[in-house]
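Comments concern the structure below.
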Amino acid sequence: MNHQYQQQIWQTVLQIPCGKVASYGQIADLAGLPGRARLVGKALGVAPEALKVPWYRVLRSDGKIAFAAQSEQAKNQTALLQQENVAVFNNRVKLTLFQWQPDLADLLFKLNY
DNA sequence: GATGTGACTTAAT
DNA sequence: TATTAAGCCACAT
């Protein structure tokens, strides 16, 4: 059986609205997996393209893009974010301006908790 | 089983 | 801001 946690992670990331970002830890918590931020990155890495999971809206807790600054992946993620009017400077996003502030009660309801 | 490795986080320095 | 150390956990060796 496929790991349930991946589904929960993908579903949670899908809740991030266009133009907003979230951290790996935040997604882990909302997905019911506190302390397992690393699993979020892993799950995003194997997310089916068909699900169209906005993986690029997920950043480190300090707002930095998780990939090496010069990497193609980081460049690509930066481009996708800027496409949604999210400002990226030095491989980092200003969380005070762009971080997603989910309505927990509403989200938990959607996730059937 | 033991070890090393990450798309991580927090706290301390 | 940068660096460390410790905690985290699925996976590959």
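Just so we're on the same page: letters track the sequence lines, and every chain starts at 1.
In this structure the side chain of A:Tyr24 never reaches within 4.5 angstrom of the side chain of A:Arg38, judged on heavy atoms. Looking only at side-chain heavy atoms (C-beta outward), A:Gln82 and A:Thr78 come within less than 4.5 Å of each other.
A straight line from CG of A:Asp62 to C1' of C:dT3 spans 13 Å, rounded to a whole angstrom. In this structure, A:Asn91 atom CG and B:dA7 atom C1' are separated by 12 Å, rounded to whole Å. Straight-line distance from the OH atom of A:Tyr5 to the P atom of B:dA7: 14 Å, rounded to whole Å. Here B:dA7 presents its C1' atom at 11 Å from CD1 of A:Ile65, a figure rounded to the nearest Å. Atom pair A:Leu95:CG and B:dT9:C1' shows a separation of 13 Å (rounding to whole Å applied). As rounded to whole Å, 8 Å separates atom C1' of C:dT1 from atom NZ of A:Lys64. One atom, CG of A:Asp29, and another, C1' of C:dC8, lie 12 Å apart when rounded to the nearest Å. Here the P atom of nucleotide B:dA7 and the CG atom of A:Leu33 are 19 Å apart, to the nearest Å.
Counting heavy atoms of neighbouring residues, nucleotides and ligands inside a 6.0 Å radius, atom CG of A:Asn90 does not exceed 12 of them.
Here A:Gly45 lies in heavy-atom contact (under 4.0 Å) with a base. A:Leu39 comes within 4.0 angstrom of sugar-phosphate atoms only, judged by non-hydrogen atoms across all strands, and of no base. Heavy atoms of A:Arg38 sit under 4.0 angstrom from at least one base atom.
Distances from the side chain of A:Arg36 to the nucleotides B:dA7, B:dC8, C:dC8 place C:dC8 closest. The listed nucleotides are C:dC11, B:dT9, C:dA2; the one nearest the side chain of A:Ser23 is B:dT9.
In this model, the phosphate group of B:dT10 is approached by a side-chain N or O of A:Ser61 to a distance below 4.0 Å at OP1 or OP2. Residue A:Arg60 places at least one side-chain N or O closer than 4.0 Å to OP1 or OP2 of B:dC8.
C:dG7 and B:dA7: their P atoms are spaced 22 Å apart (whole Å). Comparing the C1' positions of B:dG1 and C:dT13 gives an interatomic distance of 12 Å, to the nearest angstrom.
Between A:Arg57 and A:Glu84, at least one side-chain N (NZ, or NE/NH1/NH2) sits under 4.0 Å from a carboxylate O, which counts as a salt bridge.
A donor-acceptor pair under 3.5 Å links the side-chain atoms of A:Gln77 to the main chain of A:Tyr56, judged by distance alone.
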